Amino acid sequence: MAKAKTDLIKLVIVESPAKARKIGGYLGDGYVVEASVGHIRDLPQRAADIPKEYKKIAWAKEGVDIENDFAPLYVINPDKRAKVAELQALMKNAEELILATDEDREGEAIAWHLVEVLQPKVPIKRMVFNEITKEAIQEAVENTRDLDYHLIDAQETRRVLDRLFGYRLSPVLWKKVMPRISAGRVQSVATRLIVEKERERMAFISSAWWDLAAVTALGFNARLLEVDGKRVAATSDFGADGAVKEKSLSNILLLDEAGARGLVESLKATPLTVKSMEESPRTERPKPPFTTSTMQQDAGSRLGWGAQITMRIAQRLYENGYITYMRTDSVNLSAQAIDAARKAAKSLYGADHVADAPRTYLGKTKNAQEAHEAIRPAGETFKTPGELAPELSRDEFALYDLIWKRTVASQMADAKKMQMRVDFDAQTNDGKATIFRANGSVITFAGFLAAYDDIVTDENKDEETEDKRLPAMTLGQTVKVNEYTCEGHETKPPARYTEPTLVKKLEELGIGRPSTFASIIQTIQDRPCI
DNA sequence: CAGTGAGCGAGCTTCCGCTTGACTT
């Protein structure tokens, strides 16, 4: 019996199974949506992957014929043979092949590889979209384009370069250093960053200095700023090597313990006199929604998670439909997501806490591909963390909560702060003129901080950023001092990288991709050591 | 003559990036 016309389907191929299910629901009858589950073909990884007819060819193991215009040898990934067979079977009933892989360099290449492998005899269309809503998908399927061979060539070049660099350099290391270690465009830079940081720490020479504080009867402290017109050394006068900066050398007073104790002695309980006061308003803008890298950084600092744990939890949230795709370098939200964030902010924190106009953010990542949205709660209205608490595990809840807050905060109003600075005169009993300074900062309008607090880390705890209210004072007023205290400080070497701070650095340098940040860290730790 | 040990040669390791399960540690 001849096949009825209605048996023919339009085959749509995306990269991720979760995406396939969702899009399948939006496209409906006549469409079959399948996932390639990532790349289906690659250069041979090992000798066993090389087809019989290429086994004797010298360059086959490297997978690149450098004598012949760097022609690559592609083989089906061993774990994708069943998937390819499945797609080939579906093609038999297809009247059209629609390639809906991600709109980035790798996605375009996956689409091309699919065409090369499936060899369709039916029309081929390339469909792209940046958000998964019914409207966006409908529009995308009606406005298809052709494959972009510039992008495909760019991907092939990247692939060949990485292969030649990594597969030629690594064997040199086996011979000269030890077996099984490796080198590559990404991992070698990551390793070098860590080595350089360690060298900085080794070259670091710790300097000691002392400072003074006046503990006032009004409940605030003021720290010593000047003695006889000379500024007392502060953290910012020391360079990365731990020594006093060149330009600070001549004009600062570096107090040692004896000097500090002498000043305490000579000040006794001298009151402070208000010399000047200054108030300056500050506004603070919310941060953009999460990318893979910033999510890893925040989960690291707030939840104490490594990059891989964060990604595993995020993957579960994504597969169960709670968040959008978790491997992204984009800070953009869809129009519907912006709307949802603003509605959530309005109902929970009030209309005055929502930004006047929808906020859009510019990504600052080098080489960003922006094939996906930022990481955000899924759906056209965001379920609050509280609503989802019963169905999420403890870790899933913690990460969803972070994503929800960051997304909602990104559409909220600026926070307003008032910073206060009061300088005081005090005279030592041996006639030295000293100036003390008190800083205060008050949040006058929480804005986005109502949803997403600034985090206090060990590094910024000492700075004058905390919410500290100073009492009202007038010029010339004297303030009673309970006691003067002094304290010794040491400059600290630059901190070692943590997993998230290394990811941040790599991203700044344009090295690695959202799908590989976690595995880079794994690789440089897994390789054998001497 | 069977079992053992030294010596030799062959084959393997490895890159980066895109995706999930199916496997063991």
Side-chain angles (χ1 to χ4, degrees), chain A residues 13-21 34-50 55 60-64 72-74 76-84 86-87 99-114 151-152 154-191 292 308 311-312 314-316 318-320 325-329 367 369 371-372 506 510-524 526-528:
Chain A
I13 304 181
V14 297
E15 290 180 44
S16 141
K19 221 180 202 182
R21 281 194 296 275
E34 262 299 320
S36 73
V37 200
H39 276 291
I40 56 157
R41 272 203 328 181
D42 193 11
L43 306 175
Q45 199 190 335
R46 52 174 60 87
D49 298 339
I50 300 169
K55 279 258 196 283
K61 238 192 97 195
E62 204 162 65
V64 181
L73 167 65
Y74 289 120
I76 308 277
N77 299 350
D79 61 335
K80 292 291 165 54
R81 287 189 191 128
K83 175 54 73 179
V84 168
E86 189 188 334
L87 293 175
L99 301 155
T101 48
D102 295 351
E103 190 183 13
D104 56 20
R105 190 167 55 208
E106 298 295 325
E108 202 73 18
I110 291 173
W112 175 77
H113 280 293
L114 284 166
L151 262 184
I152 294 163
Q155 193 275 345
E156 188 161 87
T157 308
R158 191 234 15 106
R159 183 66 191 94
V160 166
L161 271 172
D162 282 338
R163 167 54 63 94
L164 291 177
F165 187 91
Y167 268 40
R168 291 203 163 191
L169 204 46
S170 297
V172 175
L173 296 181
W174 302 338
K175 206 172 152 193
K176 299 283 182 192
V177 186
M178 68 184 302
R180 286 168 205 276
I181 58 175
S182 56
R185 170 177 59 87
V186 171
Q187 58 174 285
S188 295
V189 179
T191 309
T292 302
Q308 275 190 319
M311 293 310 283
R312 194 162 58 231
Q315 176 86 29
R316 283 216 298 271
Y318 166 68
E319 282 173 6
N320 292 320
Y325 198 58
M326 65 284 156
R327 289 186 278 264
T328 177
D329 52 18
N367 309 328
Q369 309 256 321
H372 304 92
L506 288 170
I511 297 167
R513 301 275 309 132
S515 67
T516 61
F517 289 140
S519 62
I520 294 165
I521 286 161
Q522 194 67 34
T523 299
I524 62 179
D526 279 355
R527 293 286 174 264

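Residue numbering restarts at 1 for every chain, and letters A, B, ... go by the order of the sequence lines. Everything quoted here is computed from the prediction, not taken from an experiment.
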Between [N] atom [atom2] and [X] atom [atom1], what is the distance in whole Å?
{"X": "A/H113", "N": "B/dG17", "atom1": "NE2", "atom2": "P", "answer": "15 Å"}
{"X": "A/I40", "N": "B/dG21", "atom1": "CD1", "atom2": "P", "answer": "18 Å"}
{"X": "A/I110", "N": "B/dT20", "atom1": "CD1", "atom2": "C1'", "answer": "13 Å"}
{"X": "A/F517", "N": "B/dT19", "atom1": "CZ", "atom2": "P", "answer": "13 Å"}
{"X": "A/E86", "N": "B/dG21", "atom1": "CD", "atom2": "P", "answer": "12 Å"}
{"X": "A/R316", "N": "B/dT19", "atom1": "CZ", "atom2": "C1'", "answer": "18 Å"}
{"X": "A/M326", "N": "B/dC18", "atom1": "CE", "atom2": "P", "answer": "12 Å"}
{"X": "A/D329", "N": "B/dG17", "atom1": "CG", "atom2": "C1'", "answer": "13 Å"}

From [atom1] ([X]) to [atom2] ([Y]), nearest 0.5 Å:
{"X": "A/E34", "Y": "A/R21", "atom1": "CD", "atom2": "CZ", "answer": "11.0 Å"}
{"X": "A/L73", "Y": "A/D42", "atom1": "CG", "atom2": "CG", "answer": "10.5 Å"}
{"X": "A/L506", "Y": "A/I521", "atom1": "CG", "atom2": "CD1", "answer": "7.5 Å"}
{"X": "A/H39", "Y": "A/N77", "atom1": "NE2", "atom2": "CG", "answer": "8.5 Å"}
{"X": "A/E86", "Y": "A/K80", "atom1": "CD", "atom2": "NZ", "answer": "12.0 Å"}
{"X": "A/Q315", "Y": "A/N320", "atom1": "CD", "atom2": "CG", "answer": "10.0 Å"}

What does A/D79 touch in the nucleic acid at a heavy-atom separation under 4.0 angstrom: a base, only the sugar-phosphate, or nothing?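 If one applies the 4.0 Å heavy-atom cut-off, A/D79 turns out to touch nothing in the nucleic acid.
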Discussion item. Need one value for A/Y318: base, sugar-phosphate or nothing, where a base atom within 4.0 Å counts as base even if backbone is also close, heavy atoms only.
Written reply: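 It contacts sugar-phosphate atoms only.
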inquiry  = Under a 4.0 Å threshold between the charged nitrogen and the carboxylate oxygen, would A/E156 count as salt-bridged to A/R159?
reply    =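 Between A/E156 and A/R159 there is no salt bridge, as every charged N stays at least 4.0 Å from the carboxylate O atoms.
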Do any side-chain nitrogens or oxygens of A/S16 fall under 4.0 Å of OP1 or OP2 in B/dT19?
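Result: no.
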Under a 4.0 Å heavy-atom criterion, the protein footprint on nucleotides 10-16 of chain B, written with B, S and -, is --SBBBB
Any idea how A/H372 and A/Y325 line up, ring-wise: parallel (<30°), tilted (30 to 60°), or perpendicular (>60°)?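 A/H372 and A/Y325: tilted rings.
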Pairs under 3.5 Å (N/O, protein and nucleotides 23-25 of chain B):
none

Next on the checklist: For A/S16 and A/Y318: C-alpha separation, side-chain torsions, deciding distance, then whether side chain to side chain donor-acceptor pair (under 3.5 Å) applies.
Outcome noted: CA-CA 11 Å; A/S16 141; A/Y318 166 68; 3.1 Å; yes
